[in-house]
Engineer: 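This is the structure I want to talk about, given as structure tokens.
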Amino acid sequence: LMQTLHPFFVGVERLVRLGISERVACEILKEVKGSGKAPQRLDWRSKALPPPVYQVLKDKDTQRWSSSLRSLFFGFGGLSPVRLPLYNLVFVFDPAEVEDLGSALALLKQMPLPANLHFVMTTASTAELAWEEEVLGSKPSWLSSSQARSEKGQVSQTLASTFAYMLAKGRKRVQSFLTAAHEWVSSLNVNRWPETEEGLQKIKELWLASFKKEAPTEDTWLELLRNGSAVGGYVANCSDYAASTGVPVPSLLVNGKIMLKGAYSGQHAVLQSVAEEQQRIQQAVYMGALTDSSDVSEFFVSQGVLSAYHPEISPDMAESGGEEGMKEQMKQGSYHLWVPEPFLKLTFVSSLEPEVPEVESDPGEGVIAFYHVLVLRGMEHVYMLKSLASHFLAPERLPTKGQTFASHLAVLIDESQGPHLKVLASCLRAILGLKAESDDAEEIRSLNRQKLSVLKFLGTAIPIAMQDPQLPAERLRDLCRLALQKKLPRPGVEALISQDLSSPEEDLKLLQNLAGQNDPDAVAIWVCNGRRIDLQAGGQAISARHVHALELLEGQYDLPKSSSEEPEESEEEDSKEVEVTTKALSQWLADESASLPASVYGLVAAIRSEVLSHAKHDRFTQPAKIFERAPAAFRVKIPPAKPDAASPITVYGILDPLSTTAQSAS
């Protein structure tokens, strides 16, 4: 018991040292508004998701199936034949990998099912970066353009482009092409389709063989390749989908549940996962949460989904299978508690939240804030400036009645790691340190937009420039000037980045504080309300959707519980509910002295999350209900030693009066 209680009392002490009263500190840790439960599904929906290769509503073999959800109760123990897309299956894989190609073919052969099946064909390799004038403007003359084009992944792109062409011809043509491709490459006894001219030529031959009548021309083949790799084409959309959602390659999504290779490759593993989803749908239909007019996809999304997956952000979200999967599911997130004094002096740039009409806003719900600190210790993760700025410029918030949000970003750069970082740190310090000319809200919002646009530009342009291993550090200053000219054209601003600005003392203190807890392999550290994400070179990239996902996870203690969550088993309600008054964190802090700076929210949120992460923190009221319903003679209430003292803990115990423990204490 003391081991469970210890983090709470340490948390109270830390909050009090920040200047928060003991009473409020206890309440912050004792009663939270949300459940603290993290979503376990990924939002598989996206504009970049390719069209399905199989649709139950277009399958002639399912025409005799019932279209009513009530038919789910007459399946006699198996999967019920319902002509509705109950299961959204998305298989993300590299078509050049022989085993993955076989898995895709096996999935297709399992149809018909009450499902929509999508194939997302992409590679696990990093995409090449190119200067896009539509986005960045004219390319600087000094920027090297003699970059050798990599041939790696060309087979995957060609297979994907050919698949996209076949997809327009129908499912049978697709299945026939994939079968022929898998049979040929399997005969070679290799793990991957040969990345040779002969390998590419074989794809073309298989495509030509699929035409039984008039053979297509060479121009048709070239057009197929152009259409597949064009902007908005199948290949580009697949790459965008995998990058933005963070779905590993390969993996299978079943209504947003991520199954890694070890989970979906087992015998009947996919059908078993679909059967589990059927049970959830049956329960929802029985409870009245789903009707024949309902959208089943929206039902699953309403249970709570993350916009993107990353193993460091949500380590227990993906099913791995086997012993390694069990280890991964036991992995917990880590928290970093900043030194308060220097943290409160950091300069933050704020997000551009959509303006909510006063009629719709409810100040009683409070503001959920997120304080991000990006620490760069290498140039590999400068792209994170783009990811964070993209989210800040257009935050994707889930619709929550009466709830308002705000995100804030500060950037710390370890200048000791090289001259490029030193130049970048000096420029960003000058740009982010700009102040609005007045206190006008529109003026401040406009300056925030310009700062974020500069960060997005730099996060896009610098990684392209850094592909040149001989790039001088001063060229980064030229890119910063270009960014200011395009995104922040204010008088005298360019002169600010011409001089080297030394790191302020508070930045050095925070970097020193972080140094003692560094992962030696981490080249970047991202902290949001205390939640720490260590990023290694060559690891999975972070997108704007990942930023939204991390914020959603860290906001779970303040977001109200959704009324559409899955029904849980509960005891009979033969007595009145025990009302629990809860507040959002911002509401508790509003009760404190106005002298506390706004950024103290980030420190308090970190302390609270770190404390509550030490134990199973399921917020429930059953103990209080049981206590109140018990006969008066059976209830013992021990008052606190100091009645006026604040306490973050309320303990309810159920004791058998005839037990050894009770008898020894009597």
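Keep in mind the model is a prediction, meaning the values are calculated, not measured.
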Engineer: Within this structure, what is the CD-CG distance for the pair E610 and L337, rounded to the nearest 0.5 Å?
Structural biologist: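 One gets 5.5 Å once the value is rounded to the nearest 0.5 Å.
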
Engineer: With sequence neighbours excluded, what pairs up with P463 under the side chain to side chain contact (heavy atoms under 4.5 Å, CB included) test?
Structural biologist: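 Applying side chain to side chain contact (heavy atoms under 4.5 Å, CB included) to P463 gives L129, Y383.
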
Engineer: First locate atom CG of N529, then atom CD1 of I607, and finally report the distance between them rounded to the nearest 0.5 Å.
Structural biologist: 11.5 Å

Engineer: With no hydrogens and no angle check, just 3.5 Å: does a side-chain donor-acceptor pair link D440 and S438?
Structural biologist: no

Engineer: Is it true that S156 and D94 share a donor-acceptor pair across their side chains at a distance under 3.5 Å?
Structural biologist: yes

Engineer: Which atom pair, heavy atoms only, marks the closest approach of K486 to G137?
Structural biologist: NZ-CA, 3.9 Å

Engineer: Under the salt bridge (Lys or Arg N to Asp or Glu O under 4.0 Å) rule, collect the residues that match up with D478, sequence neighbours excluded.
Structural biologist: R475, R481

Engineer: Under the criterion side-chain contact (heavy atoms from CB on, under 4.5 Å), which of V454, L376, V411 is the partner of L428?
Structural biologist: V411

Engineer: Could you check whether the rings of H336 and W338 sit parallel, tilted or perpendicular, using 30° and 60° as the cut-offs?
Structural biologist: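 Ring orientation, 0 to 90° scale: perpendicular.
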
Engineer: Nearest 0.5 Å, what's the CG-NZ distance between L510 and K345?
Structural biologist: 10.5 Å

Engineer: What I want to find out is whether K139 reaches E134 closely enough, with some N-O distance under 4.0 Å, to be called a salt bridge.
Structural biologist: no

Engineer: Could you tell me if S297 and N88 have a donor-acceptor pair between their side chains, going purely by distance under 3.5 Å?
Structural biologist: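 Side chains of N88 and S297: pair found under 3.5 Å.
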
Engineer: For the pair F119 and F93, name the ring-plane relationship: parallel under 30°, tilted 30 to 60°, perpendicular over 60°.
Structural biologist: perpendicular

Engineer: Relative to the ring of Y371, is the ring of Y601 parallel (under 30°), tilted (30 to 60°) or perpendicular (over 60°)?
Structural biologist: tilted

Engineer: Cut-off 3.5 Å, side chains only: do E551 and S407 have a donor facing an acceptor?
Structural biologist: yes

Engineer: Angle class for the F392/H372 ring planes (parallel below 30°, perpendicular above 60°, tilted otherwise)?
Structural biologist: perpendicular

Engineer: Please, which pairs that meet salt bridge (Lys or Arg N to Asp or Glu O under 4.0 Å) have at least one residue in residues 233-247, sequence neighbours excluded?
Structural biologist: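 Listed once each, the pairs would be none.
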
